[in-house]
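Have a look at the structure below, then the notes.
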Amino acid sequence: MAKILVEKSGPLSGTIKINGAKNAVLPILAATLLASDKCVLEEIPNLRDVSVMGELLTALGAKVSPLKDGCMEVDPSGEILGEAPYELIQKMRASFFVMGPLLAKNGVARISMPGGCAIGARPIDLHLKGFSALGAEIELGHGFVEARAEKLVGTTIYLDFPSVGATENIMMAATMAEGTTIIENAAEEPEIIDLANFLNKLGANVKGAGTDTIKIVGVESLGSTVHAVIPDRIETGTYMIAAAMTRGNLMIENVVPSHLKPIIAKLRECGVEIEEGDDYLRVDGKNLTGSVDITTLPYPGFPTDLQAQFMSLLTVTEGTGIVSETVFENRFMHVSELNRMGANIKIEGHSAVVQGHGNLQGAQVKATDLRAGAALILAGLVADGVTEIGDIYHIDRGYVAIEEKLRGVGANIRRVEEE
Ligand code: EPZ
């Protein structure tokens with residue numbers, strides 16, 4: 001199995017270019033099933049999850065071109081099947097995003113239940129609540145979810161939690177429903193806005209994306225379009241933290257600074273200087289000082305997907321920082337790995353108390369999910385000795401060429417293929 005080896009690195013310096021957002025492209029790829037003709041997607045990151053979604057769309061009957069120069073073409077105009085193969089759905093939870101489009105287009109969808117993962121049970125009850133509110137018959141059995149609807153009829157749906165996936169799946173299902181659908185307590189992430197923009201370019205009528213109330217007026221059919229996905233705010237935040245931890249100075253390009261307000265604010269509270277440009281950030285960590293507390297929340301709060309990476313930072317800042325995770329029930333798997341590196345972190349319920357100015361030591365550790373894996377790379381950049389990270393397939397799900405990008409700005413990092 002491949003591993004990533006990281007050694008203590010000096011202050012990072014240079015430029016890193018950010019790729020398109022994984023969490024924008026996955027629902028948008030699913031949404032291409034709603035189109036009546038070929039769609040062209042640009043700024044697509046070369047990630048394992050993207051190729052899995054491409055395989056899934058192909059298995060459903062769409063014609064999908066290989067990713068080339070950041071572009072993918074999806075032609076859904078042929079016959080689209082209503083059942084997704086088990087082995088593909090099990091590879092990636094985001095495969096469940098095809099449920100809404102298949103229901104909208106074919107009136108039937110049969111998908112195997114997505115599994116949980118290291119960070120939590122990852123239920124789909126809110127997705128199903130939305131589909132049945134729109135008039136679908138839902139049947140669960142033998143590990144499958146089957147949804148059928150002669151037609152979908154618009155209605156008002158309240159989400160008990162502003163679930164990103166449920167908001168996206170219901171938004172897609174409602175695009176061709178009869179009448180108007182209102183999603184209340186909707187998720188407000190930038191990736192929701194990007195999906196809504198894609199749907200509207202297809203001819204849908206979606207208003208309010210980015211707020212807690214989204215209104216979808218059903219249309220007869222949808223066309224096709226060309227769409228470039230937004231930059232990845234989580235990849236950006238990861239490299240911002242790398243600059244801070246190594247007290248380096250990084251220029252980070254292809255960025256939407258307004259998507260990063262919580263991480264910019266919290267890093268500034270730690271003494272990090274950040275210059276915000278139109279489409280770049282310059283992060284200077286030379287004056288990194290004290291610890292801060294963070295609480296993860298749905299957008300626009302501090303993103304749960306940057307919690308592990310920020311925790312790595314708090315192991316080397318001065319003082320004590322408290323990290324509270326309110327979005328997922330089990331997203332502290334990286335704590336034991338960081339403690340193996342000499343960190344001093346204690347979990348107390350949904351919070352972790354992180355003692356700072358630790359001297360981390362390199363160790364053999366494992367990535368437990370993609371963001372935890374990134375957090376271990378960041379810790380390795382400042383730890384004495386060699387940090388050997390296993391299970392790096394998690395990292396490859398969400399980061400394009402992370403070791404090349406870091407090596408390009410001075411990090412001692414390489415990937416080794418084990419026999
Ligand atoms: C999306 O996952 C992201 N993935 C996750 O990113 C991200 O962490 C998460 O949103 C929160 O921002 C993609 O967009 C592909 P949720 P999703 O539904 O949609 C509960 C990464 O690292 N919930 O907003 O699965 C759920 O258990 C990944 O890139 C229900 O209870 O997240 C969780 O506690 C990790 N019932 C909370 O909501 C439901 O029906 C947030 O989940 C759905 C969710």
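Order of listing sets the numbers, starting from 1, for every ligand and every atom in it.
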Which residue and heavy atom of the protein sit nearest [atom], plus the separation:
atom                    : answer
atom 5 (C) of ligand 1  : D305 OD2, 3.8 Å
atom 17 (P) of ligand 1 : R122 NH2, 3.9 Å
atom 32 (O) of ligand 1 : F328 CZ, 4.1 Å
atom 38 (O) of ligand 1 : F161 CD2, 3.4 Å
atom 11 (C) of ligand 1 : T304 CG2, 4.0 Å
atom 33 (C) of ligand 1 : V327 O, 3.4 Å
atom 36 (N) of ligand 1 : D125 OD1, 2.7 Å
atom 15 (C) of ligand 1 : N23 OD1, 3.3 Å

Looking only at side chains, do [X] and [Y] share a donor and an acceptor under 3.5 Å apart?
X    : Y    : answer
H394 : D369 : no
T296 : E325 : yes
S112 : Q90  : yes

Please could you name the atoms of ligand 1 that [X] approaches to less than 4.0 Å, counting only its heavy atoms?
X    : result
L126 : 36 (N), 39 (C), 40 (O)
R331 : 8 (O), 22 (O), 35 (C)
G165 : 18 (O), 19 (O)
K22  : 21 (C), 29 (O)

(message) Would you say the rings of F144 and Y86 are close, in the sense that their centroids are separated by under 6.0 Å?
(response) no
With a heavy-atom distance limit of 4.0 Å, tell me whether [X] approaches ligand 1 through its side chain, its backbone, both, or neither.
X    : result
H127 : both
E191 : neither
R397 : neither

(request) Report the member of P123, A166, A372 with the shortest heavy-atom distance to atom 43 (C) of ligand 1. (result)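 Looking at heavy atoms only, P123 sits closest to atom 43 (C) of ligand 1.
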(request) Closest by any non-hydrogen atom to atom 10 (O) of ligand 1: pick that one out of L306, N169, V164, L370. (result)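 That would be V164.
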(request) Would you mind telling me which of R415, K22, R48 makes a salt bridge (Lys or Arg N to Asp or Glu O under 4.0 Å) with D396? (result) R415
(request) Taking atom NZ of K3 as the centre, report whether more than 12 heavy atoms of other residues, nucleotides or ligands fall under 6.0 Å from it. (result)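 Yes, the 6.0 Å shell around NZ holds more than 12 heavy atoms from other groups.
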(message) Is it the case that atom CD in E150 sees more than 12 heavy atoms from other parts of the structure closer than 6.0 Å?
(response)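 Atom CD in E150 is not crowded, with 12 or fewer foreign heavy atoms closer than 6.0 Å.
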Is there a side-chain contact between [X] and [Y], using heavy atoms and a 4.5 Å cut-off?
X    : Y    : answer
T387 : I389 : yes
L57  : L29  : yes
K405 : N19  : yes
I183 : T213 : no
L338 : M311 : yes

Close approach of [X] to ligand 1, heavy atoms, under 4.0 angstrom:
X    : answer
R93  : yes
M53  : no
G398 : no

